[in-house]
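The chains referred to below are lettered A, B, ... by the order of the sequence lines, with proteins before strands, and numbering in each begins at 1.
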Number of protein chains: 2
Amino acid sequence: MNEQNRCIDASDVCRPGNERIARLVRLAARGFNRSLQIRLNTEKVTFGQWIFLRILWQEDGLSQRELSERAHLTEPTAHTALIRMEELGYIVRRNVEGNKRRQHAFLTPRGWELRDQLEPLAVEANEIAVAGLSAEEQRILRKALAVMIRNLENDEADAARRGVRVPPTKGNPAQ
Amino acid sequence: MNEQNRCIDASDVCRPGNERIARLVRLAARGFNRSLQIRLNTEKVTFGQWIFLRILWQEDGLSQRELSERAHLTEPTAHTALIRMEELGYIVRRNVEGNKRRQHAFLTPRGWELRDQLEPLAVEANEIAVAGLSAEEQRILRKALAVMIRNLENDEADAARRGVRVPPTKGNPAQ
DNA sequence: TATCTAATATTAGATAGCTAACAATTAATG
DNA sequence: CATTAATTGTTAGCTATCTAATATTAGATA
């Protein structure tokens, strides 16, 4: 087994071809999660909260629906995360424009403070992750991932159109 | 927003640099999961079972410990998955070589049968995922992912050596 | 205005992953 | 041989995600 593939086990190579990429992506996602979590946990922010905070730091005052869409998470997931974040004092949730349905989330001073504390940690995690990759390799990596995401989203949409109910992906499957 | 980035939301570009890759990897892993699950579900095999089946198809009779390591999942996870797979008749679990600790898993005829039924579905999912990527792009994608995985594993190991307890990644964070 | 439809949020329940603690067996050591 | 350490498996309990079903409000239409 060569150096480059040190971390890849036999189950990845039992088939030549593309199957292996699914495995690599899964492991990379797991690694990113854990690397970020090591750092974020020092500030007592969970990974899910981090996702929503990042979106709010860029655009404060989004509704729960908008947040769940941008985070690519379901509404109940956003709901419980936002409730928790309000309890922790990172955000407040309230209606705006006289619309009693939409619940908008607004960062508190503490929520903004977290940005300065947490972002350097995340940047560090990502610099570590791509160490040793050239700019060109990183560019192709980004492009390839974006293409795959689009392909897979279309695949899921096609299945939905064909009436195939997309089964739940519960638990922690991407680890 | 250009075509290539259609599926990427604003939270990905709020920082130039590497952070975006973590996001792309997460979304790609999610897409792979769902794409596979759409297909596997037609045969009533969960994603977790699929992971262990793939390993057994390549090397039958592995112990629970070996299976959990190759799958990059914890032992309790392997344990419950294997118990379930035995109930479903895909494998049998038994001791070998007079060692009463090790529980080895052996595929049943039904377990082997699943290989022929499921592998084409997974190959299809992966062909869809990488459609539009040249062979060279796929090669660089594989290499880049492998490098990142190694970097992130080393990062986690370093943290462990420094005495940083790696916090759990519960729930479904990679979605 | 009244009624229907769409949008949004909430609640309830299920599940696969995780950690931690325990049990049982095997190997190592005095 | 007895005791300790290492290995392996098991059980218990937690949690973030998901789907499904429900409630509430806003908008559209007769």
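With sequence neighbours excluded, the residues that form a side chain to side chain contact (heavy atoms under 4.5 Å, CB included) with A/Glu137 are A/Leu133, A/Ser134, B/Ile140, B/Lys143. Legend: residues meeting side chain to side chain contact (heavy atoms under 4.5 Å, CB included) with A/Arg65, ordered by chain and number and at least two apart, are A/Ser63, A/Glu69, A/Glu75. When the salt bridge (Lys or Arg N to Asp or Glu O under 4.0 Å) test is applied to B/Arg93, the partners found at least two apart in sequence or on another chain are B/Glu86. The side-chain hydrogen bond (donor to acceptor under 3.5 Å, both in side chains) test applied to B/Asn151 returns no partner, not counting sequence neighbours. A search for side chain to side chain contact (heavy atoms under 4.5 Å, CB included) contacts involving A/Thr74 returns A/Pro76, A/Thr77, not counting sequence neighbours. Applying the side chain to side chain contact (heavy atoms under 4.5 Å, CB included) criterion to B/Glu87, with sequence neighbours excluded, gives B/Ile83, B/Arg84. A search for side-chain hydrogen bond (donor to acceptor under 3.5 Å, both in side chains) contacts involving B/Arg101 returns nothing, not counting sequence neighbours.
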Does the side-chain contact (heavy atoms from CB on, under 4.5 Å) test come out yes or no for B/Leu27 and A/Leu145, once each step is laid out?
CA-CA 9 Å; B/Leu27 290 175; A/Leu145 288 169; over 6 Å; no
Pairs under 3.5 angstrom only: tabulate donor-acceptor contacts from the side chains of residues 107-114 of chain B to other protein residues two or more places apart or in another chain.
unit_1	atom_1	unit_2	atom_2	d
B/Thr108	OG1	B/Gly89	O	2.6
B/Thr108	OG1	B/Tyr90	O	3.0
B/Thr108	OG1	B/Arg110	N	3.4
B/Thr108	OG1	B/Gly111	N	3.1
B/Arg110	NH1	B/Glu113	OE2	3.0
B/Glu113	OE2	B/Gln117	NE2	3.4

Indicate for each nucleotide in nucleotides 3-9 of chain C, in 5' to 3' sequence, whether protein heavy atoms under 4.0 Å reach the base (B), only the sugar-phosphate (S), or nothing (-).
---BBBS
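Taking 4.0 Å as the cut-off between side-chain N and carboxylate O, A/Arg102 and A/Glu97 do not count as a salt-bridged pair.
The NE2-C1' distance, from B/His72 to C/dC18, rounds to 16 Å in whole Å. If you measure from atom CD of A/Gln37 to atom P of C/dT19, you get 10 Å, rounded to the nearest angstrom. A straight line from CZ of B/Arg94 to C1' of D/dT8 spans 18 Å, rounded to a whole angstrom. Rounded to whole angstrom, the span from the CG atom of B/Leu73 across to the P atom of D/dG9 amounts to 15 Å. Taking atom CG of residue B/Leu67 and atom P of nucleotide D/dT10, one finds them 12 Å apart after rounding to whole Å. Spacing between atom CG of A/Asn33 and atom C1' of D/dT17 amounts to 13 Å, rounded to whole angstrom units. Across the protein-nucleic acid pair, A/Gln49 atom CD and D/dT15 atom P stand 12 Å apart, rounded to whole Å.
Listed pair A/Arg30 / C/dC18 meets the phosphate criterion, a side-chain N or O lying under 4.0 Å from OP1 or OP2. Remark: B/Thr77 is in phosphate contact with C/dC18, judged by side-chain N or O atoms under 4.0 Å from OP1 or OP2.
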Given Watson-Crick or G-U pairs with both distances under 3.5 Å, what dot-bracket string fits DNA chain D, with | for other-strand pairs and [ ] for crossing?
||||||||||||||||||||||||||||||
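The residue among B/Pro76 and A/Lys100 whose nearest nucleotide of DNA chain D lies closer to the 5′ end is B/Pro76.
Less than 4.0 Å separates DNA chain C from no heavy atom of any residue of residues 81-92 of chain B.
Other members of the cluster containing A/Phe106 are A/Val92, A/Val96, with ILVMFWY side chains joined at under 4.5 Å, either directly or via other members.
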